[in-house]
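Have a look at the structure below, then the notes.
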Protein chains: 2
Amino acid sequence: MNIGDVARQSGVPPKTIRYYEDIGLVRPKRSENGYRAFTQKHVHKLAFLGRARALGFTIEDCRTLLALYEDENRESMQVKAVAEEHLRQIDEKIGKLQSMKATLSELIDKCAGDHRPDCPILADLSPNNPSAKE
Amino acid sequence: MNIGDVARQSGVPPKTIRYYEDIGLVRPKRSENGYRAFTQKHVHKLAFLGRARALGFTIEDCRTLLALYEDENRESMQVKAVAEEHLRQIDEKIGKLQSMKATLSELIDKCAGDHRPDCPILADLSPNNPSAKE
DNA sequence: ATGGCGCTTCCAGCAACTGGAAGGTCAAGC
DNA sequence: GCTTGACCTTCCAGTTGCTGGAAGCGCCAT
């Protein structure tokens, strides 16, 4: 199977598949003509990767998950550990974003948004403002 | 003032200040010896940038905000517009992360996390799973 | 044989820094 | 006067995960 077919079947774009080969996530053989020769197994793997990435796992996480996926002797706690750590990272990101959102919303509320130059948003960003964190 | 002092006073690391000069956010003069010569105004600007970045504004947003900050004839609606657009982006990110979090939490809950290989997390990532989105 | 796709490689770029190497400067101490 | 060490300078590379584009083959149909 050529890269285009695999892309269609797995939902992972050709460019990305080549990149994944570069970093060793998939290792297709080559045909006589130099084309990458994929099997159904590769399609499978790539779809797996696509889903893991969609859940926000890093490439390194994906490498680990893929290895566990293919390891008959894995223990589900290994998988769970990776997922839990990832969940922590997500929570952290959400927390930061929500804190930004809170500040930003507040400032936006206070800003008249008219034709006058006075603006609480700029005032807050200004170092003259004593409400600086750190 | 040398870069180190400015870094201490503004909270922006020297490397970052040099980078900001590279991309034209600050334009310090140079001393005889080739050192960057900063003024209090630069400290001010850099602190402003530091805060804007901490609120998650992109560098391009920062460029815009800084220009508005220094423009006596700005209209607060211009600032507000930038902030509102940024808030939208943040909301979008939060939404995506929360959706990931929801899926991930669910899977983690379902996973025994023991010594057996069976794992709902891997099962969900597997393309054999019909619950695929997209 | 001529299109027009599809495949290949390699190089560059995105965002926003950050680390490190190689080297010049400056003030202090002996 | 010389060394030490903390600064400063520039430039290059790496981070994350692709994505776009150029140049150049292969393959199939007309």
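Chain letters run A, B, ... following the sequence lines, proteins first, then strands; residues in each count from 1. Nothing here was measured: the structure is a model prediction, and the numbers come from that model.
- Comment: B:D114 engages B:R116 in a salt bridge, judged by a side-chain N to carboxylate O separation of less than 4.0 angstrom.
- Using a 4.0 Å heavy-atom cutoff across all strands shown, B:I23 reaches no nucleic acid atom at all.
- In this structure, A:R53 and A:I59 have side chains that are in contact, with non-hydrogen atoms separated by less than 4.5 Å.
- Heavy-atom contacts from other residues, nucleotides or ligands closer than 6.0 Å to CZ of B:R27 number 12 or fewer.
- Distance, A:D61 CG to D:dT16 P: 12 Å, rounded to whole Å.
- Remark: C1' of D:dC8 and CE of B:M1 are 16 Å apart, rounded to the nearest angstrom.
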Completion exercise
For nucleotides 17-25 of chain C, 5' to 3', base contacts (B), sugar-phosphate-only contacts (S) and non-contacts (-) with protein non-hydrogen atoms under 4.0 Å give BSBB---BB
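- B:R18 has its CZ atom 7 Å from the P atom of D:dT10, to the nearest Å.
- In this structure, A:R63 atom CZ and D:dG17 atom P are separated by 10 Å, rounded to whole Å.
- Checking side-chain atoms of A:R74 against main-chain N and O of A:V79 turns up no donor-acceptor pair under 3.5 Å.
- Within 6.0 Å of NZ on A:K101 lie no more than 12 heavy atoms contributed by other residues, nucleotides or ligands.
- To the nearest 0.5 Å, atom CG of residue A:L68 and atom CG of residue B:L125 are 11.0 Å apart.
- Among the nucleotides D:dC8, C:dT8, D:dT9, the one closest to the side chain of B:R36 is D:dT9.
- B:T39 contributes a side-chain N or O that, together with a main-chain N or O of B:K41, makes up a donor-acceptor pair within less than 3.5 Å.
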Practice task
Any chance you could lay out the salt bridge (Lys or Arg N to Asp or Glu O under 4.0 Å) test for B:R63 and B:E60, step after step, and finish with the verdict?
Solution key: CA-CA 5 Å; B:R63 207 186 287 279; B:E60 280 321 298; 3.1 Å; yes
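- For the pair A:L25 CG and D:dG17 P, the computed distance is 10 Å after rounding to whole Å.
- The main-chain N or O of B:P120 is never found under 3.5 Å from a side-chain atom of B:K110 such that the two would form a donor-acceptor pair.
- Atom CG of A:D5 is separated from atom C1' of D:dC27 by 14 Å (rounded to the nearest Å).
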Exercise for the section: With side-chain contact (heavy atoms from CB on, under 4.5 Å) as the test, would you mind laying out the steps for A:V43 and A:F38 before giving the verdict? Expected result: CA-CA 7 Å; A:V43 173; A:F38 295 90; 5.6 Å; no
Detail all sub-3.5 Å separations between protein N/O atoms and N/O atoms belonging to nucleotides 3-5 of chain C.
none

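- Between B:R88 and the options B:E84, B:E92, B:E85, a salt bridge (charged side-chain N to carboxylate O under 4.0 Å, His left out) holds for only B:E85.
- Here C:dA16 presents its C1' atom at 15 Å from CD1 of B:I17, a figure rounded to the nearest Å.
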Atom pairs under 3.5 Å, N or O on each side, protein against nucleotides 3-5 of chain D: can you list them with distances?
none

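- Remark: B:R8 is not in phosphate contact with D:dC7, judged by side-chain N or O atoms under 4.0 Å from OP1 or OP2.
- Following rounding to the nearest Å, B:F38 (CZ) and D:dC7 (P) show an atom-to-atom distance of 16 Å.
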